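Accompanying notes for the structure given below.
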Amino acid sequence: MYAALPDEYVELQQTVRRFAQTVVEPRAMEIDRQNDYPDDIFKALLAADLLGLATPTEYGGSGAGTLGLTIAIEEVAKYSNTVALMLLLTRLPALPILIGGSEEQKNTYVRDIASGARRASFGLSEPQAGSDLKGMRTRAVRDGTDWVITGSKCWMSGLEQADFYTVFTRTGQDGFSCFIIDRNLPGVSVARVDDKLGVRGVNTGELRLDGVQVPESALVGEPDQAFKLAMLSLNSMRPIVAARGLGLAEGALMYAVDYMGTREAFGAPLTSQQGLGWMVAEHAAEIEAARLLTYRAASMIDEGAFGKAAVPLLSMAKLVATETAVKVSGTAVQLLGAAGYMKDHPVEMYYRDAKQLTIVEGTSQIQKNLLAQAVFDRTLWWD
């Protein structure tokens, strides 16, 4: 599949690769050090027409689909997972609206994300409701024709930059609902901004909702029916998160190999050391395996396969690519020796950034649970 990408995707890949090399790479380490939102990069993404890659053309996007966005994120993640997250945030908050929203919602909110007119963030997790969504406490109750929402959401990426939030709440006895919440509504506030280990520059924090009143038109889909909507949205994001890991692993290994070519030990270049070569070879194979899983998963989403039956293959891509990112970035630090531990080189940044990917949008352990269950019930089987 890697060799058989259609011409339009190859062209996209080359275009974003040039963008990443000329725009992203020179800024990547500075963004990490300063930990300030790179508005110049956002403007560059907008100018390059990359904010609406996965958005259907009828809502102002490019219509490149999940595969197109996956390819683009892979390229920018070779240098900055912060910029990769900026691209991811053009998709994640929009997905519930695209899957279950009204035409008015799509033409307003999804279109605005694609055009850069508005930025968005996605609110699902709470301190006691990360992997266990049934522990959610944020609640929406009816008030005439409106809804009143009270609670908080944590670990929301792009929180301070967002103009609106796609938020999941409890409704009724056991139901879940999804709402679009404009940031400027009374009762909406940023309670805290987190100090993160990695992926710095796009902040993460806690959103507080104190009796926020929204109209019925803010409800995405049917009331009490949004648990499936959340699962479908997360399923659809698996290859996109995988692409962040894939690109990071590629970038870390390429940097380490370039560095090895400049260093000698025991009278010979590091690239002549067989033990080090074996490490590089194993990671190269792991990266290519992760690429095939990731591209296949992205193509499945574009074909409409993101329901329960597709979960094992989608989870596999996320699991393998993100864990590969952790392994390869760790090796990259090791290959540079003491230099790898210093902020003079980006490999320590890759190492910090990689760990986030095994946690967000379904931890590695959750992916393994899903895969194991698929094998046990023969959903994933080979005869």
Side-chain angles (χ1 to χ4, degrees), residues 1-5 13 66-67 69-78 81 84-85 87-88 91-92 131 198-199 231 234-254 256 278-303 305-334 347 350-377 379-382:
M1 181 165 188
Y2 174 43
L5 281 174
Q13 184 183 59
T66 301
L67 181 57
L69 181 58
T70 293
I71 291 168
I73 285 178
E74 176 190 358
E75 292 302 321
V76 300
K78 291 175 181 177
N81 237 273
L85 178 58
L87 283 177
L88 179 147
R91 187 62 168 169
L92 177 58
S131 298
V199 196
M231 293 300 100
L234 292 177
N235 291 349
S236 299
M237 290 301 298
R238 303 292 191 225
I240 295 173
V241 181
R244 294 176 65 195
L246 175 61
L248 188 154
E250 292 167 348
L253 190 61
M254 288 191 296
W278 284 359
M279 294 165 69
V280 170
E282 289 176 0
H283 287 329
E286 290 165 343
I287 286 170
E288 287 304 306
R291 182 200 311 283
L292 293 174
L293 288 170
T294 299
Y295 284 16
R296 178 179 67 178
S299 297
M300 289 172 62
I301 301 298
D302 289 338
E303 293 166 3
F306 51 89
K308 185 176 180 180
V311 164
L313 299 182
L314 303 178
S315 291
M316 196 180 297
K318 200 268 186 183
L319 172 67
V320 172
T322 58
E323 290 291 346
T324 296
V326 172
K327 291 169 61 178
V328 175
S329 60
T331 295
V333 172
Q334 194 73 20
V347 290
Y350 290 133
Y351 190 50
R352 288 184 285 108
D353 287 355
K355 194 58 195 170
Q356 186 211 46
L357 305 177
T358 67
I359 298 170
V360 296
E361 294 166 50
T363 65
S364 290
Q365 289 70 34
I366 289 294
Q367 308 309 323
K368 289 177 182 179
N369 286 346
L370 293 169
L371 282 167
Q373 190 57 51
V375 175
F376 292 152
D377 64 18
T379 303
L380 181 61
W381 206 241
W382 300 275

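Index from 1, following the sequence. Bear in mind the structure is a predicted one, so any value in this text is a computation, not a measurement.
Using a distance-only test at 3.5 Å, with no hydrogens or angles considered, no donor-acceptor pair links the side chain of Tyr350 to the main chain of Ala332. Gln356 places no side-chain N or O within 3.5 Å of a backbone atom of Val199 that could act as its donor or acceptor partner. Asn235 places no side-chain N or O within donor-acceptor distance of the main-chain N or O of Val311, the cut-off being under 3.5 Å.
Atom CG of residue Leu253 and atom CD1 of residue Ile287 lie 5.0 Å apart, to the nearest 0.5 angstrom. Taking OG1 of Thr66 as the start and CD of Glu303 as the end, the distance is 10.5 Å to the nearest 0.5 Å. In this structure, CG on Asn81 lies 5.0 Å from CG on Leu357, to the nearest 0.5 angstrom. Note that OG of Ser236 is 10.5 Å distant from CE of Met300, once rounded to the nearest 0.5 Å. In this structure, the separation between CG on Leu313 and OG on Ser299 is 12.0 Å, given to the nearest 0.5 Å. Between Leu314 atom CG and Thr294 atom OG1 the span is 10.5 Å, to the nearest 0.5 Å.
Remark: the Glu286 side chain and the Thr324 side chain contain no N/O donor-acceptor pair separated by less than 3.5 Å.
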task = Take Leu5 and Leu67 through the side-chain contact (heavy atoms from CB on, under 4.5 Å) test and state the conclusion after the steps.
result = CA-CA 10 Å; Leu5 281 174; Leu67 181 57; 4.2 Å; yes
request  = Give the C-alpha distance, both sets of side-chain angles, the deciding distance and a yes or no for side-chain contact (heavy atoms from CB on, under 4.5 Å) between Ser364 and Thr322.
outcome  = CA-CA 8 Å; Ser364 290; Thr322 58; 4.3 Å; yes
inquiry  = One pair to check against side-chain contact (heavy atoms from CB on, under 4.5 Å): Lys78 and Leu248. What are the steps and the verdict?
reply    = CA-CA 5 Å; Lys78 291 175 181 177; Leu248 188 154; over 6 Å; no
key: side-chain contact (heavy atoms from CB on, under 4.5 Å) assessment of Asn369 paired with Gln373   = CA-CA 6 Å; Asn369 286 346; Gln373 190 57 51; over 6 Å; no
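Gly245 approaches Ala325 most closely through the heavy-atom pair O-CB, 3.4 Å. Residue Ala242 comes nearest to Ala321 through the heavy atom pair O-CB, 3.3 Å, listed as atom of the first residue, atom of the second, then distance. Between Leu87 and Ile73, the closest heavy-atom pair is CB-CG1, 3.8 Å. Scanning both residues, Val375 and Trp382, for their nearest heavy atoms gives CG2-CH2, 4.1 Å. Between Ala252 and Val328, the closest heavy-atom pair is CB-CG1, 4.3 Å. Taking all atoms of both residues into account, the shortest heavy-atom contact from Pro239 to Ile301 is CG-CG1, 3.9 Å.
Residue Leu293 is tested with Lys318, Met316, Arg238 for a side-chain contact (heavy atoms from CB on, under 4.5 Å); the sole match is Met316. A side-chain contact (heavy atoms from CB on, under 4.5 Å) with Ser315 is found for one member of Leu380, Ile366, Leu370 and no other, namely Leu370.
Atom CZ of Phe306 has more than 12 neighbouring heavy atoms from other residues, nucleotides or ligands inside a 6.0 Å radius.
A salt bridge links Glu74 and Arg291; the closest N-O separation between the charged side-chain nitrogens and carboxylate oxygens is under 4.0 Å.
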